[in-house]
Amino acid sequence: MCLWDGLILYIVLLLFFFCSTFFCVVFYMLLRLRILTAKAMSKPTQNSVYKVSGKHFCALLLYSVEETPYPISTVIKGEIPSWITGSFLRNGPGRFEFGESKFNHWFDGMALMHRFHIKDGQVTYSSCFLRSDSYVQNAEKNRIVVSEFGTLATPDPCKNIFAWFFSRFQIPKATDNAGVSFVKYKGDFYVSTETNFMRKIDSVSLETKEKVDWSEYIAINAATAHPHYDRDGATYNLGNSYGRNGFFYHILRVPPGDGKNDVADLSGAEILCSIPASDPRKPSYYHSFVMSENYIVFIEQPIKLDPLKFMLYRVAGKSFHKVMSWNPELETIFHVADRHTGQLIKTKYYSSAMFTLHQINAYEDNGYLIMDMCCGDDGTVIGDFTMENLQASGEELDKFFNSLCTNLPRRYVLPLDVKEDEPNDHNLINLPYTTATAVKTVTGVFLSHEDLYNDDLLQYGGLEFPQINYTYYNARPYRYFYACGFGHVFGDSLLKMDLEGKKLKVWRHAGLFPSEPVFVPAPDAKDEDDGVVMSVVITPRESSFLLVLDAKTFTELGRAEVPVDIPYGTHGLFNEMI
């Protein structure tokens with residue numbers, strides 16, 4: 001059944017409500033719910049959840065904070081290298097309630113942008129809430145009126161009963177609460193989420209500029225918050241669209257620019273390649289994609305979205321994350337396209353079910369495409385980061401943590417030239433440094449991964465938020481990557497992985513929660529790991545700080561302690577300023 005069949009079914013269900021004798025019952029139940037909702041919104045509640053002081057209590061990392069719009073000084077301990085000149089920009093949720101209404105999921109918090117400006121060994125800090133339409137409308141009403149990933153906005157109890165009833169059948173508009181990452185297009189800075197909206201940002205003042213709708217430049221409905229950049233300055237991303245012809249994933253390219261545009265400009269954006277969904281009724285969720293020097297890989301994983309269920313859940317008052325399902329009986333499919341021509345490789349590459357949020361790196365070697373990524377075997381984790389789970393404590397928090405799958409680094413290797421007369425059930429990989437396999441079958445090439453770790457990684461809970469020396473080693477053979485270890489619900493260590501021997505270096509201190517590490521190369525770098533690793537470390541009971549590690553030795557050089565509260569964030573980047 002196609003999406004249009006789903007729409008027809010949706011209309012039929014609406015007619016059923018209006019034409020059947022059940023209408024009166026439904027109407028009464030909604031009336032009763034409206035009355036109860038109005039009472040609940042007028043009743044004061046005790047907001048003490050953030051005051052709990054239990055050991056490693058997650059809610060201490062997730063409280064709402066005030067913005068710091070003007071730069072303030074930090075306290076330097078140790079030494080920040082004087083050659084670092086620029087701004088470390090971070091993004092993530094920073095406000096979790098408006099009035100008495102609260103967000104249900106960590107992803108839903110209002111975007112708070114952070115800037116650590118570094119010069120001559122000194123650091124200043126500032127932060128600003130993104131003035132998205134979502135933020136402004138919620139603030140004006142002092143309640144949540146825009147639906148997010150895990151929170152469905154409650155209809156206004158002040159509406160008359162008919163308007164309130166019909167609002168249940170309206171499809172929510174996509175949010176512009178771009179709280180996932182900072183990205184660059186044509187040299188300009190934007191903040192991004194996973195809808196079709198971005199916001200242009202002044203990277204110095206953190207002022208919110210104009211709202212950008214991808215669909216005004218190119219025929220897509222959404223794009224990821226994790227683009228890739230080539231060495232000419234072009235930006236690549238992955239989007240999607242749906243219509244009468246089904247659901248498609250699109251590989252996008254935005255040409256280079258000089259970063260001096262007064263207004264947002266994505267002109268010249270083009271679709272390089274369109275990939276039909278293997279099941280048009282249930283497209284796959286994706287968070288990022290793979291790019292090497294000559295290829296782009298879209299990983300169609302068995303985390304499925306159900307558009308019809310989404311429409312019905314709106315009527316039932318349930319949120320978007322409830323329409324995703326993990327289907328471990330399905331294959332994971334790797335779609336490979338030439339980055340320059342957009343031509344899809346005809347070979348079908350597939351593996352057993354797995355899910356991935358973040359790739360580490362990819363490169364080509366002697367006719368093979370090597371892809372390294374963080375992977376898990378249970379895709380239900382995405383919907384699990386609800387505020388209810390994260391605000392648990394004691395045994396309930398332990399139970400939640402133990403229910404999460406461990407994400408671990410894996411390597412998949414794809415033979416790029418698979419001949420038709422190649423025998424089946426034969427490993428096509430002939431590289432001395434990997435144990436990954438690719439076996440030709442009747443339906444394609446079945447991939448088995450190599451684990452990129454030794455058992456010592458398991459004591460740190462696996463890893464996520466991987467980063468490399470992107471400037472010089474992205475899409476090229478490399479040796480090192482950096483990540484957060486997850487011995488807790490949130491990252492509680494920083495890791496450096498040496499792929500020669502799969503050796504770990506670790507920075508870990510009890511009660512400290514570091515964020516995604518970002519590598520900054522030294523100006524006179526000779527080795528891949530000549531430079532520093534930066535991370536914002538959240539300390540629930542003391543001053544949070546910007547941490548600077550020597551990337552080679554993985555020892556602390558210095559830190560900049562911030563005298564205001566900072567919540568745990570998501571992604572960021574370093575903006576070098578000459």
Is a side-chain donor-acceptor pair under 3.5 Å present for [Y] with [X]?
{"X": "Thr570", "Y": "Asn91", "answer": "no"}
{"X": "Glu528", "Y": "Tyr473", "answer": "no"}
{"X": "Thr443", "Y": "Tyr350", "answer": "yes"}
{"X": "Asn237", "Y": "Thr235", "answer": "no"}
{"X": "Thr195", "Y": "Thr175", "answer": "no"}
{"X": "Asn196", "Y": "Asn221", "answer": "no"}

Quick check for you: to the nearest 0.5 Å, what is the distance between [X] atom [atom1] and [Y] atom [atom2]?
{"X": "Leu494", "Y": "Leu549", "atom1": "CG", "atom2": "CG", "answer": "6.0 Å"}
{"X": "Leu305", "Y": "Asp279", "atom1": "CG", "atom2": "CG", "answer": "11.0 Å"}
{"X": "Ser274", "Y": "Asn240", "atom1": "OG", "atom2": "CG", "answer": "11.0 Å"}
{"X": "Phe197", "Y": "Asn177", "atom1": "CZ", "atom2": "CG", "answer": "12.5 Å"}
{"X": "Ile251", "Y": "Ile271", "atom1": "CD1", "atom2": "CD1", "answer": "10.5 Å"}

Show your working on side-chain contact (heavy atoms from CB on, under 4.5 Å) between Lys496 and Val533 and close with a plain yes or no. CA-CA 10 Å; Lys496 176 185 179 180; Val533 170; over 6 Å; no
Determine whether Asn469 and Tyr478 satisfy the following criterion, side-chain contact (heavy atoms from CB on, under 4.5 Å), listing intermediate values before the conclusion. CA-CA 9 Å; Asn469 183 341; Tyr478 74 113; over 6 Å; no
Indicate yes or no for a side-chain donor-acceptor contact from [X] to the backbone of [Y] under 3.5 Å, with no hydrogens or angles considered.
{"X": "Asp378", "Y": "Leu404", "result": "no"}
{"X": "Asn454", "Y": "Gly501", "result": "yes"}
{"X": "Ser134", "Y": "Val146", "result": "no"}
{"X": "Tyr249", "Y": "Ser284", "result": "yes"}
{"X": "Asn327", "Y": "Leu330", "result": "no"}
{"X": "Glu364", "Y": "Ser292", "result": "no"}
{"X": "Asp230", "Y": "Asp232", "result": "yes"}
{"X": "Thr151", "Y": "Asn104", "result": "yes"}
{"X": "Asn361", "Y": "Arg476", "result": "yes"}
{"X": "Lys440", "Y": "Glu422", "result": "yes"}

Does [X] have more than 12 heavy atoms from other residues, nucleotides or ligands lying within 6.0 Å of its [atom1]?
{"X": "Glu329", "atom1": "CD", "answer": "yes"}
{"X": "Lys399", "atom1": "NZ", "answer": "no"}
{"X": "Gln343", "atom1": "CD", "answer": "no"}
{"X": "Tyr472", "atom1": "OH", "answer": "no"}
{"X": "Asn430", "atom1": "CG", "answer": "no"}

Checking His226, His228, Gln359 against Ser288 for side chain to side chain donor-acceptor pair (under 3.5 Å), the one that qualifies is Gln359
Specify whether [X] and [Y] have parallel, tilted or perpendicular ring planes, treating 30° as the upper limit for parallel and 60° as the lower limit for perpendicular.
{"X": "Trp507", "Y": "His509", "value": "perpendicular"}
{"X": "Phe519", "Y": "Tyr482", "value": "parallel"}
{"X": "His449", "Y": "Tyr412", "value": "tilted"}

Quick one: closest heavy-atom pair of [X] and [Y], and the distance?
{"X": "Ala178", "Y": "Val191", "result": "CB-O, 3.4 Å"}
{"X": "Tyr349", "Y": "Pro415", "result": "OH-O, 2.6 Å"}
{"X": "Gln467", "Y": "Pro517", "result": "CG-O, 2.7 Å"}
{"X": "Ile429", "Y": "Ala436", "result": "CD1-O, 3.3 Å"}
{"X": "Arg90", "Y": "Phe182", "result": "O-CE1, 3.1 Å"}
{"X": "Gly491", "Y": "Cys484", "result": "CA-CB, 4.4 Å"}

Taking side chain as C-beta onward, heavy atoms only, is [X] less than 4.5 Å from [Y]?
{"X": "Phe486", "Y": "Thr406", "result": "no"}
{"X": "Tyr285", "Y": "Phe355", "result": "no"}
{"X": "Leu547", "Y": "Pro514", "result": "no"}
{"X": "Leu463", "Y": "Pro409", "result": "yes"}
{"X": "His114", "Y": "Val536", "result": "no"}

[X] bridged to [Y] by N-O distance under 4.0 Å:
{"X": "Lys552", "Y": "Asp527", "result": "yes"}
{"X": "Asp417", "Y": "Lys419", "result": "yes"}
{"X": "Asp377", "Y": "Arg410", "result": "yes"}

Arg281/Lys304 under side-chain contact (heavy atoms from CB on, under 4.5 Å): CA gap, chis, key distance, verdict: CA-CA 9 Å; Arg281 298 168 302 173; Lys304 296 296 184 176; over 6 Å; no
Output field: ring centroids [X]/[Y] closer than 6.0 Å:
{"X": "Tyr568", "Y": "Phe513", "answer": "no"}
{"X": "Phe465", "Y": "His571", "answer": "yes"}
{"X": "Trp214", "Y": "Tyr190", "answer": "no"}

Would you verify whether the NZ or CZ of Arg339 falls within 45 degrees of the ring axis of Tyr236 while also being under 6.0 Å from that six-membered ring's centre? yes
Please step through side-chain hydrogen bond (donor to acceptor under 3.5 Å, both in side chains) for the pair His105 and Glu148, ending with a clear verdict. CA-CA 9 Å; His105 200 283; Glu148 300 289 343; over 6 Å; no
Pairs involving residues 445-466, ordered by first then second residue, that meet salt bridge (Lys or Arg N to Asp or Glu O under 4.0 Å) (sequence neighbours left out): Glu450-Lys502
One pair to check against side-chain contact (heavy atoms from CB on, under 4.5 Å): Leu573 and Val518. What are the steps and the verdict? CA-CA 7 Å; Leu573 54 78; Val518 172; 5.7 Å; no
